[in-house]
Amino acid sequence: MADDLRELIEGHLRGEPAATEALMERALTLALRTATAVLRDHERANDVAQDVGIEVLRRAGRLREPASFDAWVHRVSVRVTMRAIGRRTVDLDIDGVDLQAVGSATDAMADREAIRSAVAQLPERQQIAIALRYVHGLTSDEIADALGCRAGTVDSLLSRARAMLRSSPALSDFALGGDAQ
Amino acid sequence: MNLRDAFVEERRLTASPADVAAAMLRLQAGARKRRVLRFVRPALAAAFVGVLLVMFGSGGGGGPAVDAQAADLFTQAARVAQHGLTPADLKPGQYLYTSATRTDTTTYTNWHFTILVTRTTQTWMRHDYSGRVRSVLDGWAFRTPADRRAWIDAGRPPVPDELKVASRTFSRTEGRSMVAANDYPGDPDRLYTKLHDKAASGPWPVGPEMFVLIKDALRTSALNPSVRAAALAVAARTPCAHVMGRATDALGRHGVVVGCRSTYWGGPLIDEFLFSRTTGALLSERQVRHDSTPAELRWQAISQPRIVGSPSP
């Protein structure tokens with residue numbers, strides 16, 4: 001994987017469009033997942049992902065170790081997504097949507113929405129930590145690298161986030177469990 | 001359900017070809033801009049003087065022209081659109097999901113009042129073009145205080161008189177007709193000729209009428225990417241469109257407005273498109289009456305299509 005990334009980054013720096021496109025797709029996908037989990041708005045998450053992809057590709061020449069490409073994308077994603085949280089003006093609301101007669105698929109979706117709504121009420125850094133852990137499956141060390149803090153701080157952020165979610169009245173029917181990865 | 005299950009959809013997300021193409025365009029445009037500015041900055045001042053001389057020298061005549069900035073925006077949007085998803089990109093069990101939130105005026109002529117009704121229409125299309133469409137009434141409001149007074153005078157009749165949720169399936173034939181929008185061709189030259197002829201056959205000014213026809217086509221959220229790209233390419237060649245500034249649409253998305261002023265349909269109107277400043281994608285369209293009491297007549301916000309695994313909201 002690191003060799004593939006090295007080839008792609010070198011190709012990008014040589015001006016090969018296919019290499020740039022492949023790196024762009026990778027960066028956009030990683031950023032899109034984080035931003036969608038936090039912002040809950042596909043359009044705005046797309047805007048964030050675009051900003052992340054452009055910044056990462058423009059500065060790819062500064063990356064010393066290809067294996068750390070994903071970690072770098074996560075760092076930029078965290079910064080741009082945090083900025084976007086501050087500008088959040090639209091909160092998608094499903095209260096007006098009639099969920100009848102669509103069966104268990106819809107029940108599961110409503111459950112997911114309830115949990116994600118509760119996550120959206122958490123402080124920004126906790127939301128980001130939750131997204132990096134449960135969307136990307138990152139370890140505490142990797143999340144710490146993305147957030148620019150210590151691993152112990154990440155564990156504390158996640159622990160506080162889970163405690164707040166468990167105490168949320170909207171999630172009283174859920175058994176959120178422990179740190180399932 | 002645990003936290004990991006709650007984010008199952010996010011883990012499946014991948015950047016679409018359209019997103020990658022838009023980002024590549026921005027990346028290339030940025031690099032080009034930096035290269036060009038290095039050499040061209042000294043020449044810009046001279047060019048600016050030249051432009052001023054041409055403008056004042058010609059007296060501003062010469063008939064309608066295409067606004068260069070507007071044309072650039074339409075061209076960029078066309079490039080983004082042509083990389084959009086189609087039912088052919090789907091695997092069995094997948095659906096192409098599109099969504100559009102739209103506000104239209106409904107006039108109750110018996111009682112002389114008008115309301116603005118907002119609905120969200122979601123479409124799930126299979127690879128064979130069959131699928132399901134679902135429309136949800138999001139809300140309504142009186143267009144003006146005078147309309148509210150007329151409603152009270154009429155004895156407060158129940159409005160709006162339509163279903164809160166309407167859902168139905170559609171066949172392959174209907175699905176194909178939805179993505180083709182009046183059998184419009186995906187080739188910009190052929191589409192230009194078709195729309196020009198259609199516009200010229202009526203009593204209205206050709207430029208603004210072409211603009212309206214293009215808006216009508218783009219209003220279909222499930223439109224085939226090639227037709228959408230062709231319509232935007234035609235818009236880039238249609239006189240009357242001008243960049244009108246920046247705006248935020250009804251869903252809170254920021255963008256650049258390109259509009260066309262016209263004076264038919266009983267008054268001065270502006271038809272507008274809103275493009276994303278970051279991706280160039282078409283976000284919204286709206287129509288505004290622009291006289292002594294400006295009023296929004298209709299708007300529609302279109303979401304970018306995406307692939308989903310089930311036809312649920």
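Proteins get letters first, then strands, A, B, ... in listed order; numbering begins at 1 in each.
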Practice task
Answer yes or no: does atom CD of B/Glu174 have more than 12 heavy-atom neighbours from other residues, nucleotides or ligands under 6.0 Å?
Solution key: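 Enclosed.
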Practice task
Using the ring pair (Phe, Tyr, Trp, His ring centres under 6.0 Å) rule, take B/Phe74 and B/Phe273 through it: C-alpha gap first, then chi angles, then the decisive distance, then the call.
Solution key: CA-CA 10 Å; B/Phe74 280 120; B/Phe273 286 117; 5.7 Å; yes
Handout entry: Contacting moiety of B/Thr14, where chain A heavy atoms sit under 4.5 Å
Key =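 Both backbone and side chain.
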Problem - Closest non-hydrogen atom pair between A/Ser140 and A/Arg133, with its separation - result: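 In terms of heavy atoms, the two residues are closest at OG-NH2, 2.9 Å.
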Exercise for the section: Considering only heavy atoms and a distance below 4.5 Å, find which of A/Thr20, A/Leu30, A/Thr34 pairs most often with chain B. Expected result: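 Going by pairs under 4.5 Å, I would pick A/Thr20.
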Handout entry: Part of A/Ala37 within contact of chain B (heavy atom distance under 4.5 Å)
Key =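 Its backbone and side chain both get close to chain B.
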Exercise for the section: Mind telling me whether A/Phe69 and A/Trp72 have parallel, tilted or perpendicular rings, with 30° and 60° as the class edges? Expected result: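 Rings of A/Trp72 and A/Phe69: perpendicular, as their planes differ by over 60°.
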